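Working notes for the structure below.
Just so you know, these numbers use all the heavy atoms, side chains as well, and skip hydrogens, waters and symmetry mates. No experiment lies behind these values; they were computed from the predicted model shown. Within every chain, numbering begins at 1; the chains are lettered A, B, ... in the order of the sequence lines, protein sequences first and strands thereafter.
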Amino acid sequence: MKRIRKFGKNLYDNRVWLLMVLPGLIWLIVLKYIPMFGQIIAFKDFRFHPDGFFASVFHSEWVGFENFQFLFSTNDAYIITRNTLLYNIGFIVIGLILAVAVAIILSEITKQRLAKIYQTGMLFPHFLSWVVVSYFVFAFLSTDRGLFNSVLEFFGADPVSWYNEPGYWPYFIMGISQWKGVGFSSIVYLAAIVGIERTYYEAAMIDGANKWQQIKHVTIPMIMPLIVILTILNIGSIFSADFGLFYQIPRDSGPLYSVTNVIDTYVYRGLMTMGDIGMSTAAGLYQATVGFILILLTNYIVRKIDEENALF
Amino acid sequence: MHILLGTFAFLCVFPFIYVIIISLSNEASLAENGYQLIPEEWSFEAYAYLWQMRAQIAKAYGVTIAVTVLGTIISVAIIALYAYAISRRQFIYRKQFTFIAFFTMLFSGGMVPFYIVMTQFLDLKNSIWALILPMAVNAFYIIIMRTFFMRTVPEAILESARIDGASEWRIFLTIVLPLSIPGIATIALFSTLAYWNDWFNALLFIDDPSLVPLQSLLMRIESNMDFIQQNSMLTNQNSSILNSIPQDSARMAMVVIATLPIALSYPFFQKYFIRGLTIGGVKD
C-alpha cells in the first residue's frame, strides 16, 4: 500500500516530464513494441480477423515452428542469409577504408576552397532517394540505350543484358553503395581528424616522421575510438539491408534474385506479392533475433577489450 | 591526391548531369543512338510533355511537401520533448524511458507485424498519416538530442528560472529551445530529407493515385508512363498518341524535376548538415 502510494506520488511529482515523454511513448508502444509482440505470428497460421489486429493474432492457430521449418527447408533461407551477410561485411570493410581514406586526404588538402568543392560533390548522392539513383543506374545499364553498352559497342564488343546477368551485380551493388555513402560517412571522421591537436603532428615531425608515418602513428590511433564505435553500430545492423539498394537498383529483376535477394526484400516480397504472412514474419523474426544477438555479442567483446569504447 | 578526390567528386555528380542531358535529348535520336553524352538533337519535348501532365505532378509535389512539412514538425516536436525529459536529472524515471527508446534500436518488430499494425490496428491504408507516422520518431535521434541537451543546457540557468517561478513548460519553450537551435535544426534537416526521399511507405500503404508522393510517382512510371495519365485530364487519349509520347526522355525529365529542389538547395544547408553530423558523439 505504502509503495503504491509512493509510486503515485512519484508519478505526480514527475507529471511534467511524463507529459513530455507521452507522445513519444505512445508512438514507441504502437509502432515499435506492439509489432514486437506481433512477432508471435511467426509461430501461428495467420488469418485476418474482422475485429482487427489483436483479434487476428489471438484467433490465429498456433503452428509452432512450422513457418521456420518451411523457411529453412527452401534454398531461399541460405541465399538471403548469405547475401545479407556478405554484402554487409563488404560494405563495412570497404566503406570504412574508403571513408577514412577520403577523410584523411580531405584533411591534408591545404586549399580550403577546393576541399569544400570536393566535399560538396561527394555529398551530393547522399541527398538522393534510391528511386532517383535507380534511374541514374538505368541510364548506364539499359540494354539498348545505356552508356555502358554504347561504350562496349564502340570497342566492337557485344552489348550485355545487364539486368539479366547476375555475375556483375555484386560489384555494381558494392560500387553504388559506396558511391552513395562515402561522402556522408567521411564527414564524421573528417571532423575528428580536424579536431586532433596540431602539437601531436609537430612532435611527430620533429621525430622525423613523414606524412605516411604521421597518418599511421597519429591520425589513425587518434580516430580509433570513433572507428570502433561506428563499426559496432554497423555490425549491429549487419543482418538488415538497405531495402532501396536491393529492390530499386536492380529494378526488382527476377534473374538477379540470386545475388540481390536479401532478408528485407525477401520479407517484403513474401508479404506483398506472395501473401505468405507466416513465413515472412518468421524471416523477420530470424533477422531481428540474430541482429539482436550480434549487437550484444559485439558490444560484449568490445567491452572486454576496452570498456571506454563499448556502446552500453 | 587532387586528381583522386576530384575524379571521385565528379563521378558523384556526373550521373545527374547525364540524366539532365538525356532529358533534353530528342526522343527519336534516343531511339536510334541510345543515351548519348552529347545528343544529336536537343529538345524540350520531354518537359513540354510533362507540362501537360502538370495536374498529377503538382498533386504529387503537394503530397510530398505536405508530408515533409507536417512530418518534420511532428517529428521534431516529439523527439525534442522526449529527449529533453530524459536529459533532466529531476525526472526520476529518465533511465527507464531512455531504455524504452534505446531498446527499439536493438530489436525490431519486423516489417510484417508493422504492416499489419498500420493497416489493421491503426487502419491507415491510403491515408496521408501512413506516410507521416512511420518516420515520426527515431530512437537514434532521441539519444543524440538527449546528449545534446545534457551538454548545451546548463542546469544553473534552468535553476534560476525556476526560482523566478517559471514553469517547466515555459522554461522549455523560452530558454531550452532557443539554446538548442543547432541541435533541433539538425534533427529537422535529417527528417526533412528522409520525408522528401521516402517512397517505401507509399509502396506499402498507398494505392490511391491522389496520395502518391513524388518519389513514388517516379517509381510507378518506371514501367508505364501512362500511370501518370491515370488521374490527369488526358485519360481518354487513345494509345496511338500514347506511343508517340517521349517516354524515355520524359522519365528522365521526371527524375530531374523530382531531384532539382534538393540539388539546388543542398549546397546551402550542407554547412548545417555537416555541423549537425558532428555534434558530439552518440555517447554521453
Answer key: most heavy-atom pairs under 4.5 Å with chain B among A:Thr120, A:Ile109, A:Leu28, A:Asn10 is A:Thr120

Under the side-chain hydrogen bond (donor to acceptor under 3.5 Å, both in side chains) rule, collect the residues that match up with B:Gln90, sequence neighbours excluded.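 B:Gln90 satisfies side-chain hydrogen bond (donor to acceptor under 3.5 Å, both in side chains) with B:Glu155 only.
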
Quick check on [X] against chain A: is it the side chain, the backbone, both or neither that has a heavy atom closer than 4.5 Å?
| X | value |
| --- | --- |
| B:Ala31 | both |
| B:Thr104 | both |
| B:Arg94 | neither |
| B:Phe190 | side chain |
| B:Phe107 | both |

What closest approach, in Å, do B:Ala263 and A:Phe124 show between heavy atoms, and which atom pair accounts for it?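 In this case the closest contact between B:Ala263 and A:Phe124 is CB-CE1, 3.8 Å.
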
Taking all non-hydrogen atoms of both residues into account, name the closest pair between A:Ser150 and B:Asn33 and its distance.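 Taking every non-hydrogen atom into account, OG-O, 4.4 Å.
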
Measure the spacing between CD of B:Gln120 and OG of A:Ser56 and express it to the nearest 0.5 Å.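 These two atoms lie 3.5 Å from each other.
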
Roughly how far, to the nearest 0.5 Å, is CH2 of B:Trp199 from OG of A:Ser134?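 The OG atom of A:Ser134 sits 9.0 Å away from the CH2 atom of B:Trp199.
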
Is a donor on one side and an acceptor on the other found under 3.5 Å between the side chain of [X] and the backbone of [Y]?
| X | Y | value |
| --- | --- | --- |
| A:Asn14 | B:Ile92 | yes |
| B:Trp196 | A:Phe127 | no |
| A:Gln39 | B:Ser108 | yes |
| A:Trp27 | B:Leu133 | yes |
| B:Tyr35 | A:Ser142 | no |
| A:Tyr135 | B:Leu218 | yes |

Please classify the contact between A:Leu31 and chain B as side chain, backbone, both or neither, with a heavy-atom cut-off of under 4.5 Å.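 Contact with chain B involves both backbone and side-chain atoms of A:Leu31.
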
ring-ring contact (aromatic ring centres under 6.0 Å, His included) with B:Tyr18: which of A:Phe138, A:Phe140, A:Phe136?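 It is A:Phe140, the one option of A:Phe138, A:Phe140, A:Phe136 that forms the ring-ring contact (aromatic ring centres under 6.0 Å, His included) with B:Tyr18.
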
Which residues, numbered in order, of residues 74-81 of chain B come under 4.5 angstrom of chain A by heavy-atom distance? B:Ile78, B:Leu81

Taking B:Phe91 as the fixed residue, which of A:Asp13, A:Val16, A:Leu18 is the one that meets the side chain to side chain contact (heavy atoms under 4.5 Å, CB included) rule? A:Leu18

Donor + acceptor pair across side chains of A:His126, B:Tyr266 (<3.5 Å): no

